[in-house]
There are 4 protein chains.
Amino acid sequence: MPKLGMEPIRRDAIVKATIAELGAKKSLDVTVSQIAKRAGMSSALAHHYFGGKDQIFLAAMRRILSDFGAEARQELSSAAPDERPQAIIRSCFAPSCFTPDVIAAWMTFYVLAQTNEEALRLWKIYQARIRSNLIHALRPMLSNPVEAANDMVALIDGLYIHAALNAPEEPELAVNHAMRVLDTFLEAEK
Amino acid sequence: MPKLGMEPIRRDAIVKATIAELGAKKSLDVTVSQIAKRAGMSSALAHHYFGGKDQIFLAAMRRILSDFGAEARQELSSAAPDERPQAIIRSCFAPSCFTPDVIAAWMTFYVLAQTNEEALRLWKIYQARIRSNLIHALRPMLSNPVEAANDMVALIDGLYIHAALNAPEEPELAVNHAMRVLDTFLEAEK
Amino acid sequence: MPKLGMEPIRRDAIVKATIAELGAKKSLDVTVSQIAKRAGMSSALAHHYFGGKDQIFLAAMRRILSDFGAEARQELSSAAPDERPQAIIRSCFAPSCFTPDVIAAWMTFYVLAQTNEEALRLWKIYQARIRSNLIHALRPMLSNPVEAANDMVALIDGLYIHAALNAPEEPELAVNHAMRVLDTFLEAEK
Amino acid sequence: MPKLGMEPIRRDAIVKATIAELGAKKSLDVTVSQIAKRAGMSSALAHHYFGGKDQIFLAAMRRILSDFGAEARQELSSAAPDERPQAIIRSCFAPSCFTPDVIAAWMTFYVLAQTNEEALRLWKIYQARIRSNLIHALRPMLSNPVEAANDMVALIDGLYIHAALNAPEEPELAVNHAMRVLDTFLEAEK
DNA sequence: AATGAATGAGGATTCATTCAT
DNA sequence: GATGAATGAATCCTCATTCAT
């Protein structure tokens with residue numbers, strides 16, 4: 001019985017294993033074999049499905065991005081209009097996006113994006129999405145929503161780094177931190 | 001043409017070459033040979049003077065840190081008391097600290113710090129220095145200088161990332177950005 | 001032409017090549033590449049199957065030991081009870097154990113055993129085996145079989161060295177030598 | 001003041017350091033730098049005096065040999081004629097020849113002698129000396145002193161190996177062992 | 001679909017040796 | 001006499017990738 005539709009299952013396993021391995025090793029020095037082993041298959045198969053190591057990394061990056069997107073959509077959908085900025089911030093540090101694994105993987109992507117076109121494109125998409133969400137959400141509240149959104153976007157990346165290097169065990173610190181800054185901006189307007 | 005007292009000269013050349021090579025390759029995937037070649041010597045000599053690749057990287061990191069420290073001291077020494085926060089911010093994005101090379105090198109250190117004790121220690125020193133400088137400078141101006149300093153420190157790291165990935169050619173954008181946020185904090189107090 | 005089940009074939013080829021190479025170079029300064037080349041494969045494959053150089057050496061040592069063990073069993077099985085001591089001696093210098101290659105390899109193991117736990121363990125096993133075989137075989141003939149066995153065991157190692165350095169071309173000299181000493185012990189008892 | 005006659009002092013220091021280092025590392029994998037460091041000079045100077053690594057090793061081997069020769073002469077000179085065989089044996093395991101250092105160094109020479117002409121020559125000289133001493137000493141006592149001497153010489157090498165690998169801490173075991181065998185030979189004659 | 005087999009290319013590191021001073 | 005400086009060559013080991021089955 002030939003296994004039908006194995007491809008999506010295998011791809012999914014590899015992507016998950018990549019994130020897990022990056023998180024475990026906390027470094028880009030992760031081999032295809034290690035990933036494949038964690039995913040329970042041969043490294044040859046990983047190559048077969050993805051074509052090469054770079055594409056495996058990019059697929060992992062896309063996954064993290066889409067997870068974040070889903071998180072953001074869900075937070076926004078259940079938020080009152082005047083709670084939307086906070087909802088966006090919350091989604092950036094939601095459990096699904098802010099585990100030690102994902103943070104460590106995210107760190108490596110910053111570096112990857114410096115040399116890999118596609119990785120850069122993905123990072124810019126992520127940035128643009130948060131930014132535009134924030135602008136929309138802040139527009140009714142602030143006279144200069146663009147600026148505040150830019151500030152928040154930069155702050156969030158900084159908080160990712162701090163979380164990765166300082167206190168990965170306390171994600172709520174980062175959320176509180178971001179919320180406080182957001183409040184400052186909102187207060188300043190009044 | 002061997003001479004005496006070459007060690008400091010060679011070490012300096014290697015450190016500079018490391019930063020340059022990290023900046024050029026924009027990745028931690030830089031070989032000792034590449035660094036040595038750029039520094040005009042054999043890789044064996046680089047090993048001789050530093051003991052290993054890790055120590056070469058750490059030396060480069062220390063150099064960047066000490067350059068930043070010097071910049072900060074100089075900016076602070078010539079700043080009026082009520083301009084000290086701005087002076088600190090300026091020093092973070094001063095030309096000597098914020099060239100594309102140094103930014104790219106800095107990015108790789110974020111990743112290195114996840115796995116290398118000493119790199120982490122160095123990064124924490126850098127953080128602590130900016131933070132304590134900022135707290136001191138902000139104390140006369142803000143009721144909660146600690147919080148504002150924390151915010152600014154995180155923001156600065158975020159802006160480094162943005163500069164690395166977005167617009168390395170326009171460092172003044174980052175300064176302006178940081179200054180604006182600082183202003184917001186200062187305004188909010190009034 | 002990759003096939004299945006190559007592992008044992010490759011391992012075997014490497015082990016044989018190691019002994020041959022040690023015999024040819026007569027030194028521990030044998031590279032994995034040289035061994036792999038002699039075995040008809042890349043050095044990477046040798047590493048793949050054995051994990052490292054030390055383990056290649058140990059596998060070769062184990063092989064020599066097990067060859068010796070087989071030889072000893074066979075000699076003993078076909079020996080009359082009162083010929084068992086001689087059979088044991090003969091097995092120590094049997095053609096399969098006492099070729100120039102194996103002798104030279106054996107010499108290197110003496111040195112390896114000084115620093116490598118496992119090599120030392122293997123050497124002790126070999127010693128203990130000969131010794132216990134000899135004690136059993138000599139018990140009916142000598143009042144102090146343990147002492148005589150100890151003497152013979154030491155003598156055999158000495159004869160290996162002499163064969164390696166003096167006259168590798170004449171193994172029968174060593175056998176005769178050992179037999180003569182054994183006779184002295186047996187005669188002395190009468 | 002130019003240091004006159006430094007050469008013999010330096011050579012002596014290097015030779016001693018070589019033996020010490022071989023004993024410490026228990027392996028031929030000893031670098032010239034390590035030896036030179038232990039001898040308190042630069043590796044370049046060691047090269048200057050000896051020409052190369054091989055010659056350093058050979059000088060160490062010669063030293064061990066001459067130490068042994070001195071020991072043998074002294075033991076013989078103070079031994080009663082009927083105690084000369086025992087005196088020779090004793091000299092082989094005398095404290096100056098049978099320290100862990102010297103034993104380990106000796107082990108490496110066995111291997112070196114397989115590939116180095118001069119090392120082989122030195123080893124043969126050592127063998128011949130003990131052998132001829134023993135023959136002379138045994139001639140009045142045994143009808144076949146040559147055979148007994150050959151046996152003893154082989155046994156002694158075997159005991160060196162055993163001392164190196166088994167019980168370096170108990171040299172007197174080896175002496176007793178050799179003495180016992182010698183007694184067996186002497187008893188057998190009666 | 002899946003994998004064991006296999007390797008070429010490369011990388012960190014070591015070291016004997018040479019040389020200018 | 002003595003050494004720091006310097007390197008070429010080598011060695012172990014790793015890994016992405018390919019291929020035959």
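Chain letters run A, B, ... following the sequence lines, proteins first, then strands; residues in each count from 1.
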Side chain of [X] only, please: which of [options] is the nearest?
{"X": "D:Ser43", "options": "E:dG4, E:dT17, F:dT7", "result": "E:dT17"}
{"X": "C:Tyr49", "options": "E:dT13, F:dC13, E:dA6", "result": "E:dA6"}
{"X": "B:His47", "options": "E:dA12, F:dC13, F:dT17", "result": "E:dA12"}
{"X": "C:Thr31", "options": "E:dT3, F:dT3, F:dC12", "result": "F:dC12"}
{"X": "A:Ala44", "options": "E:dT7, F:dT18, E:dA16", "result": "F:dT18"}

Quick one: does C:Lys53's side chain have a donor or acceptor within less than 3.5 Å of a partner on C:His47's backbone?
no
Specify the separation, in whole Å, of atom [atom1] of [X] and atom [atom2] of [N].
{"X": "B:Lys53", "N": "E:dT13", "atom1": "NZ", "atom2": "P", "result": "8 Å"}
{"X": "B:Lys37", "N": "E:dG10", "atom1": "NZ", "atom2": "P", "result": "13 Å"}
{"X": "C:Phe57", "N": "F:dC12", "atom1": "CZ", "atom2": "P", "result": "8 Å"}
{"X": "D:Met41", "N": "E:dT17", "atom1": "CE", "atom2": "C1'", "result": "17 Å"}
{"X": "B:Leu4", "N": "E:dC19", "atom1": "CG", "atom2": "P", "result": "18 Å"}
{"X": "B:Glu21", "N": "E:dG11", "atom1": "CD", "atom2": "C1'", "result": "14 Å"}
{"X": "B:Ile56", "N": "E:dG11", "atom1": "CD1", "atom2": "P", "result": "14 Å"}
{"X": "C:Arg11", "N": "E:dA5", "atom1": "CZ", "atom2": "C1'", "result": "15 Å"}

Is [Y] paired with [X] through a side-chain N to carboxylate O contact shorter than 4.0 Å?
{"X": "C:Arg10", "Y": "C:Glu7", "value": "no"}
{"X": "C:Arg62", "Y": "C:Glu118", "value": "yes"}
{"X": "B:Lys16", "Y": "B:Asp12", "value": "yes"}

When you measure from the side-chain N and O atoms of D:Arg10 to the phosphate of F:dA2, is any distance below 4.0 Å, counting only OP1 and OP2?
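So the side-chain polar atoms of D:Arg10 do come within 4.0 Å of the phosphate oxygens OP1 or OP2 of F:dA2, strictly under.
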Just to confirm, is there a sub-4.0 Å distance from OP1 or OP2 of F:dG1 to any side-chain nitrogen or oxygen of D:His48?
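Looking at the OP1 and OP2 atoms of F:dG1, one of them is under 4.0 Å from a side-chain N or O of D:His48.
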Quick one: on DNA chain F, does D:Ser42 or A:Gly52 contact a more 5' nucleotide (nearest heavy atom)?
D:Ser42
Given DNA chain F, 5'-ward residue of the pair D:Leu45 and A:Gly51, judged by closest heavy atom
D:Leu45
Any strand counts, and the cut-off is 3.5 Å on both contacts for Watson-Crick or G-U wobble. Which nucleotide pairs with E:dT21?
F:dA2
Need the pair for E:dA9. Rule: Watson-Crick or G-U wobble, both distances under 3.5 Å, any strand; none if unpaired.
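E:dA9 is paired with F:dT14.
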Do A:Trp123 and B:Ile161 touch side chain to side chain, with heavy atoms closer than 4.5 Å?
yes
